[in-house]
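Okay, so here's the structure we're looking at.
Along the sequence shown, the residues carry numbers beginning at 1.
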Amino acid sequence: MLIARSAALFLVAAVFEIGGAWLIWQGVREHRGWLWMAGGVLALGAYGFVATFQPDAHFGRILAAYGGIFVAGSIVWGMVADGYRPDRWDVTGAVICLTGMAVIMWAPRN
């Protein structure tokens, strides 16, 4: 159950983190305005709060693992939101990042 809770928190945090960055990108690069950017800032703040609910209390471990989620999630987000088509190396890199995240978070420790 602990791994399921942790994985769910990663998914929620990824939506806030990647979504927040995307909203800021849209506000600045696509000239959609300040409301998009403000929404992005709020979403990034929400990501920080969600991250604190992870069962592991080590900030460095949590942040490193979220890095792996960010890489893989960003590729998926780009596919859905912007029509991005990853090549095999993008997919390979994302799988490596997700594997690293799983090892960082859920490897047995003494």
Side-chain angles (χ1 to χ4, degrees):
M1 187 64 180
L2 197 61
I3 290 177
R5 176 177 176 235
S6 178
L9 286 168
F10 274 119
L11 290 175
V12 171
V15 169
F16 283 131
E17 181 185 23
I18 298 164
W22 184 79
L23 286 169
I24 292 170
W25 177 280
Q26 292 296 308
V28 174
R29 299 283 302 236
E30 303 297 328
H31 309 289
R32 298 210 176 175
W34 287 100
L35 286 177
W36 284 72
M37 291 180 272
V41 169
L42 291 173
L44 288 168
Y47 150 71
F49 279 103
V50 172
T52 64
F53 295 119
Q54 279 289 346
D56 191 308
H58 296 94
F59 177 76
R61 182 176 296 141
I62 300 301
L63 204 57
Y66 273 114
I69 295 294
F70 185 79
V71 170
S74 295
I75 289 174
V76 172
W77 190 285
M79 290 169 59
V80 171
D82 293 326
Y84 174 67
R85 296 291 167 240
D87 64 19
R88 65 181 174 181
W89 299 112
D90 295 326
V91 174
T92 301
V95 169
I96 291 168
C97 288
L98 288 174
T99 302
M101 179 277 307
V103 170
I104 288 169
M105 284 302 297
W106 303 320
R109 291 188 165 78
N110 294 346

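Taking Ile, Leu, Val, Met, Phe, Trp and Tyr as members and joining any whose side-chain heavy atoms lie under 4.5 Å apart, directly or through other members, L2 forms no hydrophobic cluster with any other residue. Cluster partners of V103, using a side-chain heavy-atom cutoff of under 4.5 Å among ILVMFWY residues and allowing indirect links: none.
Scanning both residues, I69 and L98, for their nearest heavy atoms gives CD1-CD2, 3.8 Å. When every heavy atom of A94 is checked against every heavy atom of I75, the shortest pair comes out as CB-CD1, 4.0 Å. When all heavy atoms of I104 and A65 are compared, the pair lying nearest together is CG2-CB, 4.2 Å. Residues C97 and V71 approach most closely at SG-CG1, 3.6 Å, considering heavy atoms. What you find for Q54 and S6 is that their closest heavy atoms are OE1-OG, 2.7 Å. Nearest heavy atoms, A21 versus L44: N-CD2, 4.1 Å.
A distance of 8.5 Å separates CE in M101 from OG1 in T99, rounded to the nearest 0.5 Å.
For residues 16-25, the pairs satisfying side-chain hydrogen bond (donor to acceptor under 3.5 Å, both in side chains) are W22-D82, with sequence neighbours left out. Applying the ring-ring contact (aromatic ring centres under 6.0 Å, His included) test to pairs two or more places apart or on separate chains, none has a residue in residues 84-110.
Y66 and F16 fall within a single hydrophobic cluster, where Ile, Leu, Val, Met, Phe, Trp and Tyr side chains are chained together by heavy-atom contacts under 4.5 Å. Hydrophobic clustering (ILVMFWY, side-chain heavy atoms < 4.5 Å, transitive): V50 and V76 are in distinct clusters. Under the 4.5 Å side-chain heavy-atom criterion for grouping Ile, Leu, Val, Met, Phe, Trp and Tyr, Y47 is not connected to L23 through any hydrophobic cluster. Criterion: ILVMFWY side-chain heavy atoms under 4.5 Å apart, direct or through other members. Under it, W34 and V28 are part of a common hydrophobic cluster.
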- Task: Using the side chain to side chain contact (heavy atoms under 4.5 Å, CB included) rule, take F10 and M105 through it: C-alpha gap first, then chi angles, then the decisive distance, then the call.
- Result: CA-CA 11 Å; F10 274 119; M105 284 302 297; 3.5 Å; yes
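Annotation: side-chain contact (heavy atoms from CB on, under 4.5 Å) contacts of F53 (sequence neighbours excluded): R5, L9. Residues satisfying the salt bridge (charged side-chain N to carboxylate O under 4.0 Å, His left out) criterion with R61, sequence neighbours excluded, are D56.
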